[in-house]
Engineer: 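Below is one structure. I have some questions about it.
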Amino acid sequence: MQDQEPVEILYLQVAESLATPIRAGTLVRGERIPSVRELARSRDVSVGTVLQAYRILEDAHLIEARPRSGYFVAARPPRLPEPETSNPPADSMAVDVSSLAARVMHLAHDPGYASFGAACPGAELFTEERVRRAVSRAVQHHRATLCQYTTGYGDESLRRAIARHALRMGCQIDPRDVVVTNSCLESITLCLRAVTRPGDIIALESPTLFAFLEILENLHLRALEIPTHPRTGFSLDALQLAFDTQPIKAVLAVPTLSNPIGSSIPLADRRRLAQMVAERGIPLIEDVLYNDFAEHEDQRQAVRSFDTTGHVMICGSFSKTIAPGLRLGWVDAGRWGAKLVRMKESTSGSQTTIIERALADLLAQPGIEAGYRQIRATIAARVDEARGLIARHFPGGTRVTDPRGGFILWLELPHGIDSLDLFQACLAESIVIAPGKMFSATNHFRHCIRLGLGGRWDDAHRHALRRVGELAETMALSRVARG
Ligand SMILES: Cc1ncc(COP(=O)(O)O)c(C=O)c1O
């Protein structure tokens, strides 16, 4: 028996060996874990050691005992109701969100504020040293490129690395079709420019990322928001109806961990979505930025993997997983590839080869998957904790999403609380939240807020989150007092 080691170390080791895969989503909620005796046998430790480890995991709300059934991976505590499927108007709308979004984003990056405004992992979650070494190597080996013009689709080694990366999402992409861009948002902008003209209607999730709305605003496109469920993404029946009744020119979607609502379209619906757009000849612009953050394998498979006709334009970047500062994205625009390349060349040309080489180097490193897992595990624990604080400190009637990965929570506050007022009240206490109005062309989400939990997370931030709840509570009470 291995129990010769100090018992307190052993039970912590056993607990950690289960906590890590639970937080990373390798062991999924509701899954049965070994019984105390089974685990004791397989780990060669005493029953008492396993019991102690399970007690720690229960205290951390990671596992739960069910009478006469054993131990299971727990649902995230505590259970709060989730928002319901959104119900946007059936007509398309012009967009006007950019001034509010610009203000919030400016404040969200100001170090003087406790910020839940932005949606990006903080610098400490990236392996900066690894990135620095890759950039140094690239400078050493490719410095000649600094004084040369580069043209075309992007560095070949990076395009090959991106095609390999796409295999993880079930996509067979020819490296020759990959175009390297400055960011995922540049990829999306180019796709929209390639397939639309001013005045055209674009279908998207509701709520959706404010940056998408800003792009629509800049390109004078109209938004048609599609009812979206916080778990399963937009309703394909509603999308079908929209196809039948409106002249939709493109669909823009984040099928995995959409921002801000965190939804992921079920696998069968991904296949159906690929078929629907192919039948109608409508391009689907698929943003796969968060696929590596998904808890489950199924969620990672891109809609593009079901595309047999070239109607899915797949866009990504490594801003959230490797390093936001590298500023590189990519796109394979399917049947619109040639048009997109012409637009890219006449807009921003190509990127800095040295940075492209550094990213290709990083993508080829064996530790890359472990890096994704590490970020996934860290943010999962944080999101659990934040949901607990929200349950305790936000007004009754608050609903919050329970995303299967990522670091973004979407909260529906009791009706009557105006999130712009809450935003202002938070600012007065040096806290930044993102008000719901930023995430829709409609006025449907005034009582909602988005919380980005990827940034710094310490006691000051825990306190700040409690304060957001208390301020919302005060607003809820004064609403009741006003009758
Ligand atoms: C869904 C989604 N796509 C794209 C982006 C931006 O990515 P990039 O920095 O590569 O443009 C974000 C950032 O918040 C996002 O949430």
Side-chain angles (χ1 to χ4, degrees), residues 97-98 101-102 104-106 108-109 115-123 125-126 131 154 158 162 165 169 178-192 202 204-216 218 228 230 233-234 251-265 284-294 299-300 302-304 313-331 344 347-348 351 355-356 359 362-363 375 379 401 403 405-410 432 434 438-440 450-455:
V97 297
S98 58
V104 175
M105 282 307 112
H106 178 71
H109 290 103
S115 178
F116 305 108
C120 191
L125 292 182
F126 297 106
V131 177
L158 178 57
I162 289 169
H165 168 80
M169 298 181 271
V178 173
V179 180
V180 181
T181 62
N182 285 303
S183 65
C184 186
L185 291 181
E186 188 191 25
S187 301
I188 290 169
T189 306
L190 290 167
C191 289
L192 283 169
I202 312 303
L204 27 66
E205 285 129 356
S206 181
T208 187
L209 179 62
F210 67 88
F212 294 172
L213 294 169
E214 287 180 308
I215 297 173
L216 263 55
N218 292 337
T228 304
F234 56 26
V251 180
L252 170 53
V254 188
T256 299
L257 298 176
S258 71
N259 183 354
I261 206 161
S263 59
S264 291
I265 300 179
L284 166 67
I285 303 168
E286 180 182 22
D287 179 333
V288 294
L289 192 72
Y290 292 117
N291 288 43
D292 284 312
F293 279 147
Q299 291 166 268
R300 282 187 213 138
V303 176
R304 169 64 183 251
M313 309 166 91
I314 183 170
C315 301
S317 85
F318 302 93
S319 301
K320 313 288 173 171
T321 44
I322 295 186
L326 293 180
R327 299 319 300 142
L328 287 176
W330 59 276
V331 50
K344 166 73 180 147
T347 313
S348 56
Q351 280 57 237
I355 302 297
E356 292 182 319
L359 181 56
L362 285 161
L363 285 172
I375 299 186
I379 58 184
T401 48
F407 43 81
I408 296 167
L409 290 176
W410 177 253
V432 184
M438 281 165 63
F439 301 91
S440 174
R450 183 190 79 172
L451 297 175
L453 297 158

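Numbering of ligands and ligand atoms starts at 1, following listing order.
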Engineer: Are any of the heavy atoms in Tyr290 under 4.0 Å away from ligand 1?
Structural biologist: yes
Engineer: Could you tell me whether the side chain of Thr256 and the main chain of Ser264 form a donor-acceptor pair under 3.5 Å?
Structural biologist: no
Engineer: Write out the residue and atom name of the closest protein heavy atom to atom 10 (O) of ligand 1, then the distance separating them to 0.1 Å.
Structural biologist: Ser317 OG, 2.6 Å
Engineer: Backbone N or O of Val180 within a donor-acceptor pair of the Gln351 side chain at under 3.5 Å?
Structural biologist: yes
Engineer: How does Ile188 reach ligand 1, by side chain, by backbone, by both or by neither, if only non-hydrogen atoms under 4.0 Å count?
Structural biologist: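 For Ile188, there is no contact with ligand 1 at all, from either part.
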Engineer: Between Ser317 and Ser183 (side chain of the first, backbone of the second, donor and acceptor by atom type, cut-off under 3.5 Å), is there such a pair?
Structural biologist: no
Engineer: Among Ile408, Leu409, Thr401, which one satisfies side-chain contact (heavy atoms from CB on, under 4.5 Å) with Arg450?
Structural biologist: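 Output: one option passes, namely Ile408.
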Engineer: Verify, without hydrogens or angle tests, whether Lys320 (side chain) and Gly406 (backbone) share a donor-acceptor contact under 3.5 angstrom.
Structural biologist: no
Engineer: Judged by atom type as modelled, is there a donor-acceptor pair below 3.5 Å linking the side chain of Glu286 to the main-chain atoms of Arg304?
Structural biologist: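 Present.
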Engineer: Counting non-hydrogen protein atoms only, what is the nearest one to atom 14 (O) of ligand 1? Give residue, atom name and distance.
Structural biologist: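 Protein heavy atom with the smallest distance to atom 14 (O) of ligand 1: Lys320 NZ, 2.9 Å.
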Engineer: Could you measure the distance from the CZ atom of Phe293 to the CZ atom of Arg300? Nearest 0.5 Å is fine.
Structural biologist: 11.0 Å
Engineer: For a quick check under 3.5 Å, do Ser263 and Glu205 share a side-chain donor-acceptor pair by atom type?
Structural biologist: no
Engineer: Can you tell me which portion of Cys184 lies within the under-4.0 Å heavy-atom range of ligand 1? Options are side chain, backbone, both, or neither.
Structural biologist: both
Engineer: Out of Thr189, Leu185, Asn259, whose heavy atom sits nearest atom 6 (C) of ligand 1?
Structural biologist: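 Going through Thr189, Leu185, Asn259 one by one, Leu185 has the nearest heavy atom to atom 6 (C) of ligand 1.
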Engineer: Look at ligand 1 and say whether Arg327 reaches it with a heavy atom at a distance under 4.0 Å.
Structural biologist: yes
Engineer: Taking only heavy atoms of Ser319 into account, list the atoms of ligand 1 that are under 4.0 Å away from them.
Structural biologist: 8 (P), 9 (O), 10 (O)
Engineer: Considering the heavy atoms of Leu289, write down every atom of ligand 1 situated less than 4.0 Å from one of them.
Structural biologist: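 Those atoms are 2 (C), 3 (N), 4 (C), 5 (C), 7 (O), 12 (C), 15 (C).
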Engineer: Ligand 1 versus Glu186, non-hydrogen atoms closer than 4.0 Å: side chain, backbone, both, neither?
Structural biologist: neither
Engineer: Give me the residue, atom name and distance of the protein heavy atom closest to atom 1 (C) of ligand 1.
Structural biologist: Asp287 OD2, 3.3 Å
